[in-house]
Protein chains: 2
Amino acid sequence: MPYRIKEVADYVGISVRTLHHYDRAGLLKPGSVTASGYRLYTDSELEKLQQIMFFRELGFGLRQIKEILDSPGFDRMQALAAQKILLLEKEKRLEAIIGLVEQTLDAVKGGIAMNKKDMFRAFDMSEIEKHQEHYTEETRQKYGHTEAYKESQKKAASYKKEDWAAISARGAEIYQELADLMVLSPADPQVQQAIGAWRQHITDSYYNCTPEIFRGLGDLYVQDERFTASIDKTKPGLARFMSEAMHLYCDSIAKKGR
Amino acid sequence: MPYRIKEVADYVGISVRTLHHYDRAGLLKPGSVTASGYRLYTDSELEKLQQIMFFRELGFGLRQIKEILDSPGFDRMQALAAQKILLLEKEKRLEAIIGLVEQTLDAVKGGIAMNKKDMFRAFDMSEIEKHQEHYTEETRQKYGHTEAYKESQKKAASYKKEDWAAISARGAEIYQELADLMVLSPADPQVQQAIGAWRQHITDSYYNCTPEIFRGLGDLYVQDERFTASIDKTKPGLARFMSEAMHLYCDSIAKKGR
DNA sequence: ATTGACTCTGACGTTACGTCATGGTTTATT
DNA sequence: AATAAACCATGACGTAACGTCAGAGTCAAT
């Protein structure tokens with residue numbers, strides 16, 4: 001079941017040296033080591049290695065990748081979603097460059113000079129870098145920000161790997177449900193019920209989410225662009241929609257309480 | 001009209017240091033230098049810089065790029081065509097990786113494990129590297145190989161830039177014509193006529209292509225994989241088709257001569 | 001018992017720049 | 001005309017992500 005280093009290297013298409021390097025960098029340590037010092041990798045490490053490959057493909061530095069993967073709230077699904085967006089962004093750039101080559105070919109064929117302004121625009125990376133920065137900053141700042149999040153961090157530390165998958169899957173489920181309900185008013189009973197499920201999910205998975213905290217969280221969704229961007233990935237405008245719905249939800253709880 | 005180094009850097013989106021680096025590496029020297037040592041670049045250098053950017057985008061090393069650009073028979077049109085092919089190859093790879101991300105996302109969502117064989121296949125670069133190697137090797141070996149080619153090299157040195165464009169355009173034209181005729185037999189009069197045009201083109205543009213040399217060239221097309229690959233870029237199988245047609249062509253000339 | 005394929009840990013090399021440091025040059029402004 | 005602000009030049013060292021030995025131990029099979 002455990003693979004030796006060359007098996008992994010051949011399998012993945014990288015060098016043994018690279019795995020040594022990742023080990024020393026703390027990016028990917030072998031699952032175990034034999035008495036004689038041989039590194040042994042398991043499927044779990046292969047999975048992590050795949051994540052690393054995705055990030056590397058996107059031009060992330062090993063340092064950054066380590067930081068992201070080591071982040072306590074690292075969510076594989078969310079990472080994959082972000083990676084997909086970034087890869088599509090990269091494809092867009094590539095296509096622009098291909099278009100530029102074709103344009104240049106035509107210009108050379110026709111013996112005419114190209115418009116200097118267009119000659120290099122396609123090489124621009126700022127769009128991709130923006131997305132990269134966004135994602136890194138998001139995972140970096142996601143935790144240790146508010147009181148509630150500190151609490152969540154502690155609770156989160158106790159979860160096993162399998163739990164995380166279930167939790168984030170449930171989260172994505174609710175996001176999607178709410179995204180589908182965006183055609184309705186935030187006050188609509190269906191929406192309010194989904195919001196209730198959202199609060200329950202937070203309480204179950206992270207921390208006791210009181211109405212006060214929940215209201216503050218709603219504010220955060222529109223005030224902190226990191227949250228806005230993250231939530232709007234499911235569907236643009238979802239963050240604002242949820243924020244309003246959460247406020248109405250808290251209002252109605254307050255009313256009932258009196 | 002001439003640009004100073006920072007103007008170029010800002011325009012292209014690279015650093016001044018990079019231009020310094022390219023200068024020292026002999027990859028891109030400024031068109032002129034002021035008395036005080038300031039580098040001055042003109043549109044011609046911008047054009048070359050664009051070529052460099054294309055190659056760099058494709059993962060070519062600076063050494064390799066220099067070798068290609070300095071090659072006596074460097075043909076911008078051909079280079080652009082090759083670059084386009086390589087970029088499309090790169091896009092194919094990217095799309096495979098995007099597909100992999102989606103597949104992985106589904107697997108994580110469904111809570112199932114992925115097929116290990118598929119987990120890394122998309123990262124494979126060998127296809128791209130093959131193309132890269134091919135192109136470099138092609139430009140490297142294209143000249144100075146056979147007697148005829150040595151002759152061609154001399155003749156070619158006298159051409160002006162504009163001539164080159166016309167020559168390779170005419171070459172591409174004949175290739176395309178022959179590719180379209182591949183449904184016919186190599187012995188078909190139409191094919192034989194196109195082959196005659198091809199020999200004429202070589203004689204006009206490069207060297208006096210005797211039937212003997214022409215026959216040898218036909219052999220080269222299938223024996224030397226660099227030629228095969230180069231020709232088959234227009235259409236797979238074209239090299240073999242041309243080789244056969246060229247032999248028949250030379251046979252019929254020999255018969256006539258008697 | 002030995003061969004061949006693998007593994008380990010250094011340690012230096014490489015590519016394509018980044019990042020100062022130091023000092024001269026141009027251009028704009030006063 | 002002086003002076004600041006922006007620009008340029010040449011070293012020279014730093015860095016990221018490995019590549020490439022070297023020297024020595026390990027393992028599986030013959």
Side-chain angles (χ1 to χ4, degrees), chain A residues 1-42 45 49 51-69 123 125-126 129 132 136, chain B residues 1-42 45 48-49 51-69 123 125-126 129 132-133 136:
Chain A
M1 192 65 175
Y3 314 103
R4 305 214 311 207
I5 197 162
K6 192 176 186 298
E7 293 182 84
V8 177
D10 289 347
Y11 204 86
V12 178
I14 60 179
S15 72
V16 169
R17 182 56 174 61
T18 299
L19 286 168
H20 281 169
H21 190 57
Y22 289 176
D23 185 2
R24 231 182 19 210
L27 184 56
L28 182 73
K29 303 240 170 215
S32 57
V33 180
T34 69
S36 48
Y38 282 28
R39 295 173 178 80
L40 295 177
Y41 298 84
T42 72
E45 275 83 47
L49 184 48
Q51 277 296 320
I52 293 172
M53 299 287 284
F54 281 136
F55 279 118
R56 222 190 43 166
E57 178 67 29
L58 290 164
F60 284 78
L62 299 191
R63 257 281 190 40
Q64 235 176 342
I65 298 177
K66 180 181 158 57
E67 192 183 346
I68 291 171
L69 293 181
F123 292 109
M125 296 260 292
S126 62
E129 277 162 4
Q132 279 185 13
T136 324
Chain B
M1 194 63 176
Y3 315 103
R4 303 211 310 205
I5 197 162
K6 193 180 186 296
E7 294 181 84
V8 176
D10 289 347
Y11 203 86
V12 179
I14 59 179
S15 72
V16 169
R17 184 57 185 27
T18 300
L19 286 168
H20 281 167
H21 190 57
Y22 289 176
D23 185 2
R24 232 182 18 212
L27 184 55
L28 183 73
K29 303 238 170 219
S32 58
V33 180
T34 68
S36 50
Y38 282 28
R39 294 172 177 82
L40 295 178
Y41 298 84
T42 72
E45 276 81 46
K48 189 168 180 185
L49 184 48
Q51 276 296 320
I52 294 172
M53 298 286 285
F54 281 136
F55 279 118
R56 223 191 39 166
E57 178 67 30
L58 290 164
F60 283 79
L62 299 191
R63 254 287 187 36
Q64 235 176 343
I65 297 177
K66 179 181 158 57
E67 192 183 347
I68 292 171
L69 293 181
F123 292 109
M125 296 259 291
S126 62
E129 275 161 6
Q132 278 185 14
E133 193 48 41
T136 325

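Letters A, B, ... mirror the listed sequences (proteins, then strands); counts begin at 1. What you see below is based on every heavy atom in this structure, not just the backbone, and it leaves out hydrogens, waters and symmetry mates.
Under the side chain to side chain contact (heavy atoms under 4.5 Å, CB included) test applied with B:Leu19, the options B:Val12, B:Leu27, B:Ile5 reduce to a single match, B:Ile5.
The nearest pair of heavy atoms linking B:Pro2 to B:Leu40 is CB-CB, 4.1 Å. Shown here for B:Leu49 and B:Val8, the closest heavy-atom pair between the two residues is CD2-CG1, 3.9 Å. Closest non-hydrogen pair, B:Glu45 versus B:Leu28, comes out as O-CD1, 3.8 Å. The nearest pair of heavy atoms linking A:Ser15 to A:Ala9 is C-CB, 3.9 Å. Listed here is the closest heavy atom pair of B:Ile65 and B:Ile52: CD1-O, 4.0 Å. The minimum heavy-atom distance between A:Met53 and B:Phe123, with the atom names listed, is CB-CZ, 3.4 Å.
Looking at A:Glu7, its side chain never comes within 3.5 Å of a backbone N or O of A:Tyr41 through a donor-acceptor pair. Remark: side-chain polar atoms of B:Gln64 are not paired, donor with acceptor, to backbone N or O of B:Phe55 under 3.5 angstrom.
Map A:Lys6 and B:Gly61 each onto its nearest nucleotide of DNA chain C; the residue landing nearer the 5' end is A:Lys6.
The aromatic rings of A:Tyr3 and A:Tyr11 sit parallel to each other, their planes meeting at less than 30°, with 60° as the upper class boundary.
Within a heavy-atom distance below 4.0 Å of DNA chain C, the residues of residues 8-22 of chain B found are B:Ser15, B:Arg17, B:Thr18, B:His21, B:Tyr22. Of the residues in residues 23-41 of chain B, those lying under 4.0 Å from DNA chain C by heavy-atom distance are B:Ser36, B:Tyr38.
Contact footprint of chain A on DNA chain C: nucleotides with an atom under 4.0 Å from a non-hydrogen protein atom, first to last in 5' to 3' order, C:dC6 to C:dA11.
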